[in-house]
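Below is one structure, written out as structure tokens, with a few remarks after it.
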Amino acid sequence: MCIPVAPRTFRILLCAFGLMWWSCVALALTTANFAPLASGNSWTYSVVRNGVSSTETETVSPSKVLFNGTSVFETVSSNGYKSYSLNDSAGYRSFGYYYPSVFVSGYGTATVTATLSPPLVLAPSTFDVGQTYTGAATLTYVYQGLGTASGPVSNSITAIGFEYVSVPAGTFLALKCEEQTSMTLTSSTNGQSMSLTSTATLWLVENIGTVKSAYSDSSGQSVDRELITYSLFQPTTTTTPTTTTTAPTTTTTVASTTTTLPTKYSDNGNGTVTDSTTGLMWMRCSAGQTWTGNTCTGTANTYGWNEAMALSPSFAGHSDWRLPTISELQSIVDTAYTPTISPAAFPNTYAPPTGASNFWSATENASNSAKAWYVSFYSGAADSYYDKGTTLQVRLARTSQSGQGSMNFGAGWNLVGNGTSTPIDVTTTFGDSSLVTTVWKWITSTSKWAFYTPTQTDGGAAYAATKGYDVLTTVNGGEGFWVNANQPFAKPLPDGTPVTSVSFQEGKAGALKLGWNLVSIANIRTPSGFNSDIGATPPSAGVIPENITTLWAWDNALSKWYFYAPNLEAQGGTVLADYIASKGYLDFAANNKTLGPGVGFWVNKP
């Protein structure tokens, strides 16, 4: 069965959210953020080198060293390999390498120092997704006691685009790059030449570095790496370094992290805090710990996922505590702290740089029912690697009865909506570029996108004009919209009259228009219920009307679509479920996914 889709519209949709906005909007990214070089930085990888598995750690030396006449950063691997580089306003430049042991045909093994002159520019200081950058240099190998070899080397790297990648350290939104290198070296001893070409795929995460890589070359060598843990030092106002594994030690940082409750939390005085941005009430202690009146004591318990889902204690006068969803759990991640959660709001959270830092969410892995999603409060990343039988920590939440609800955002693309009658001012709500990259709204009447970005001083107005977009300033009641977020956060929905599904009923002012509509409602409805609500007359008992062609909602954590089509539901049995499974979509019914406050969704109106 064919589900009709307007071709032009679908091409626009693919550009806006299928390929990530960076693939469609050329805004420069900063190279230094994706390859952070600072004294003390350290990364540990799981490595498969020519089929042999090992663990290797790379650490930036405490101070710069002099290499080939230049003061550079030295990165030392646990296998003895060293690299010398800089990443600054002149770009990411490689000055050379040191190999502790290299086999030289006809001579045996030797230590090798390799220099690049001029330094090989691997990438400029800023770059655009979709662009290819090239560099060239002369490479000279000095074989200890055996002579030298030198010749030209060239390198090209292409920034492909952003995608989610899962490694032992967690799940990250990573920039995928393809790199190609070729060299020809001629020996000063016997005049023989050797040529080598190599290819590498790299996944780079902003402010972390390489989280995954796959290398192969023409000699048959291969190396695959995945990040296990990392420790990054960042300068503070007092020049005292802080790391992801060591609690901050500067006076100003300690004061803010130990005594000051972030403004979004309200202390309820009973071992709970309420998050004003989401309306959720949280237990301040992990399950198993005890609230003493000002802190959490004891050791947190761990639970299998089914055990965690069954927890329903009576605490602080409430008995409707539950396991939070993955987006709800991500909303309390705060990367300003180590662990990545406010110690003032949630004291003594146990989050070492191991799997013991993981907390279960109520969200199952839609593609594997034996697994569920969790958050590491060591790294702040979400993943669904573990089976449900694995025992992890738990923090319980409950839904506050006040307010209109909230919009919860995970890192990456979020399809959200304003289900109240009060408009959302886009600049005021999404003007923080540390949280938001872009905001998009589809205008059905003109089949155009409206666009906003806080990364540009004019909000993206000049860029929008070059692309034929409208400038996005307001999200009105009942409208859905896209937000590309840099990190998890939440925003409360404005107070106002709820926009319900019947607001889109045929014959009313807000009736859906022909084609694609991006909308949101305040009442909780299934897609089937929404389809019935918008008809001019109620359907007869047992009849599934076809008031819409399809309905789609986006899952940020899984990067997948929820799908519904009334003509498939009307055929009965498992027709709809089978179609969803065949396409790799998510099933609203099977996952208890509903439409409601903060949820944006696409509706195709025939």
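Small disclaimer: the values here were computed from a predicted structure and weren't measured.
At least one side-chain heavy atom of T55 sits under 4.5 Å from a side-chain heavy atom of I228.
Taking the ring axis of Y385 as reference, the NZ or CZ atom of K371 stays within 45° of it and closer than 6.0 Å to the ring centre. By the 6.0 Å and 45° rule, R284 does not stack over the aromatic ring of F346.
For the disulfide bond (SG atoms under 2.5 Å apart) test, no residue two or more places apart in sequence or in another chain qualifies with C177. Applying the ring-ring contact (aromatic ring centres under 6.0 Å, His included) rule to Y98 yields no partners; only residues at least two apart in sequence or on another chain are considered.
Defined by atom type and a distance below 3.5 Å, a donor-acceptor pair is present between the side-chain atoms of T132 and T158. Judged purely by distance below 3.5 Å, without hydrogens or angles, the side chains of S195 and T184 pair a donor atom with an acceptor atom. Side-chain polar atoms of T437 and N486 form a donor-acceptor pair below 3.5 angstrom. Side-chain contact of Y350 with N348: a donor-acceptor pair under 3.5 Å is absent, judged by distance alone. Side chains of Q221 and N50: a donor-acceptor N/O pair is present below 3.5 angstrom, by distance only.
Pairs engaging residues 172-183 under the salt bridge (Lys or Arg N to Asp or Glu O under 4.0 Å) rule: none recorded [sequence neighbours left out].
In terms of modelled atom types and a separation under 3.5 Å, the side chain of W373 and the main chain of A557 share no donor-acceptor contact. No donor-acceptor pair closer than 3.5 Å links the side chain of T210 to the backbone N or O of K212.
Ring centroid separation for the pair Y463 and F451 comes in under the 6.0 Å cut-off. Between F95 and Y84, the gap from one ring centroid to the other reaches at least 6.0 Å.
Looking at every heavy atom in both residues, Q393 comes nearest to S357 through NE2-CA, 4.4 Å.
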